Number of protein chains: 2
Amino acid sequence: MNNICEIKHSNEEAVLEVKSKMPDSEIIEKTAECFKILGDITRMKILVAISQRELCVCDLSALLRMSQSAISHQLRILRNTNLVRFRREGKSVYYSLADQHVLKLIEMGIEHAKE
Amino acid sequence: MNNICEIKHSNEEAVLEVKSKMPDSEIIEKTAECFKILGDITRMKILVAISQRELCVCDLSALLRMSQSAISHQLRILRNTNLVRFRREGKSVYYSLADQHVLKLIEMGIEHAKE
DNA sequence: TACTAATATGAACATTTGTTCATATGAACA
DNA sequence: TGTTCATATGAACAAATGTTCATATTAGTA
């Protein structure tokens, strides 16, 4: 057991109908991947912070009271998934949200959390 | 080093301004927690599937070609976080999305992933 | 060029997480 | 009541993840 054959009587019609309507597996995986990135407290705090105003790494480090290294690692992940944009100004690097779409996703999440 | 004091010159104004505008830490944590639940491929597939039509555990098991146990564990997590509702009908338990809000979140995520 | 500030990154480690395996619970039916 | 089907759940284990520590890179400045 412990494989698929353990299931005896699934409703084949329903399964086939849903299967035909499902988005591509690749899309679903990308969606989950995106939510996973949003699903970390440090990253979410960073995103909420820079949604208010562009901030540099050391601002974020001070704001969240976390090491520069920890912040920087998380920013890298946010960069790699195109959730933030950044620009260099002298020695500092300033981060902001990638676009309005990301902002809306976060706002919706906060809405839901407030309920 | 490796503590907050490593930061010498954060822009205090900016930090204080953002800090005053940040939602409660608890809200941010709940938001991240919600996204984290959405951030798993199996759970996302389940949610997308039942967004089309109510399905029972064995339907989901057949559809996703995963063990009943694995599906059931994930459904428990989705139940505990109020992302799905369920009803018993004889020996089967049918799952569907908790509400329109959850549907919209998922749809927005898919939108973003398609870009 | 040497030095310092700001940021980035690799390796290691502890923690979290998802699946499997085994078993329990709950409902229908003989 | 005993059996079977559908689902739920606890324990264990492997894989993924976030932080720390140490160090590298990049830019400004003496």
Side-chain angles (χ1 to χ4, degrees), chain A residues 1-11 14-15 29 32-33 35-47 50 54-81 84-95, chain B residues 1-11 14-15 29 32-33 35-47 50 54-81 84-95:
Chain A
M1 321 205 173
N2 300 302
N3 63 28
I4 303 130
C5 301
E6 71 188 301
I7 299 297
K8 307 280 165 51
H9 298 298
S10 69
N11 177 354
V15 171
E29 281 162 32
E33 190 54 39
F35 281 129
K36 178 184 283 181
I37 302 301
L38 298 174
D40 173 79
I41 292 175
T42 299
R43 288 193 292 269
M44 185 52 59
K45 284 181 179 170
I46 291 175
L47 291 169
I50 64 178
E54 187 189 53
L55 291 171
C56 70
V57 180
C58 84
D59 291 338
L60 287 166
S61 184
L63 178 65
L64 305 189
R65 305 187 66 75
M66 291 179 63
S67 74
Q68 174 270 320
S69 179
I71 298 288
S72 206
H73 276 295
Q74 296 306 332
L75 283 169
R76 187 157 92 104
I77 293 171
L78 292 170
R79 266 189 285 138
N80 288 345
T81 49
V84 301
R85 61 158 61 105
F86 62 102
R87 70 184 177 82
R88 179 142 222 151
E89 185 181 304
K91 283 177 290 189
S92 300
V93 178
Y94 286 87
Y95 286 84
Chain B
M1 319 101 199
N2 298 307
N3 62 28
I4 302 130
C5 302
E6 70 188 305
I7 298 298
K8 306 282 166 50
H9 297 299
S10 70
N11 177 354
V15 172
E29 281 162 31
E33 189 55 38
F35 282 129
K36 177 184 281 180
I37 303 300
L38 297 174
D40 173 79
I41 292 175
T42 299
R43 287 191 292 268
M44 185 52 60
K45 284 181 179 170
I46 290 174
L47 291 169
I50 64 178
E54 187 188 54
L55 291 171
C56 69
V57 180
C58 86
D59 291 339
L60 288 165
S61 184
L63 178 66
L64 305 188
R65 304 187 65 76
M66 291 181 63
S67 74
Q68 174 270 319
S69 179
I71 299 289
S72 205
H73 275 295
Q74 296 306 334
L75 283 169
R76 188 157 93 103
I77 293 171
L78 293 170
R79 266 188 284 137
N80 289 344
T81 49
V84 300
R85 62 158 62 105
F86 62 102
R87 71 182 177 82
R88 179 142 222 152
E89 185 180 305
K91 283 176 290 188
S92 299
V93 178
Y94 285 88
Y95 285 83

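Since we're looking at a predicted model, the values are computed, not measured. Here is the naming used below: chain letters follow the sequence lines, and residue numbers restart at 1 for every chain.
- Following rounding to the nearest Å, A:Ile71 (CD1) and D:dT19 (P) show an atom-to-atom distance of 8 Å.
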Take B:Val93 and B:Arg87 through the test side-chain contact (heavy atoms from CB on, under 4.5 Å) and record every step on the way to the result. CA-CA 6 Å; B:Val93 178; B:Arg87 71 182 177 82; over 6 Å; no
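- With C:dT19, D:dG28, D:dA6 as the candidates, the nucleotide lying closest to the side chain of B:Lys91 is D:dA6.
- Residue B:Arg65 contributes atom CZ, which lies 13 Å from atom P of C:dT20 at whole-angstrom precision.
- Rounded to an integer number of Å, the gap from B:Asn80 CG to D:dA8 P is 11 Å.
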Does the pair B:Met44 and B:Leu38 meet the rule for a side-chain contact (heavy atoms from CB on, under 4.5 Å), with working shown? CA-CA 6 Å; B:Met44 185 52 60; B:Leu38 297 174; 3.9 Å; yes
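- Between the P atom of C:dA6 and the CG atom of A:Leu60 lies a distance of 14 Å, rounded to the nearest Å.
- Remark: the B:Arg79 side chain and the B:Tyr95 side chain contain an N/O donor-acceptor pair separated by less than 3.5 Å.
- The distance between atom CD of A:Glu29 and atom P of D:dA16, rounded to the nearest whole Å, is 14 Å.
- Rounded to whole Å, the distance from CG on B:Leu64 to C1' on C:dG18 is 14 Å.
- Residue A:Ser92 has no polar side-chain atom (N or O) positioned under 4.0 Å from OP1 or OP2 of C:dA6.
- Across all strands shown, C:dC29 forms a Watson-Crick or G-U wobble pair with D:dG2, both key distances being under 3.5 Å.
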side-chain contact (heavy atoms from CB on, under 4.5 Å) assessment of A:Thr81 paired with A:Glu33: CA-CA 9 Å; A:Thr81 49; A:Glu33 190 54 39; 5.5 Å; no
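- Nearest heavy atom pair, residue B:Ser61 against residue B:Ile71, reads CA-CG1, 3.9 Å.
- A cation-pi contact, defined as under 6.0 Å to the ring centre and within 45° of the axis, is absent between B:Arg88 and B:Tyr94.
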B/S/- contact track for nucleotides 8-17 of chain C, protein heavy atom under 4.0 Å: BBB------S
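- The CG-P distance, from A:Asn11 to D:dA6, rounds to 12 Å in whole Å.
- Distance, B:Met66 CE to C:dG18 C1': 8 Å, rounded to whole Å.
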Give the intermediate values and the outcome of side-chain contact (heavy atoms from CB on, under 4.5 Å) for residues A:Asp59 and A:Leu63. CA-CA 6 Å; A:Asp59 291 338; A:Leu63 178 65; 5.9 Å; no
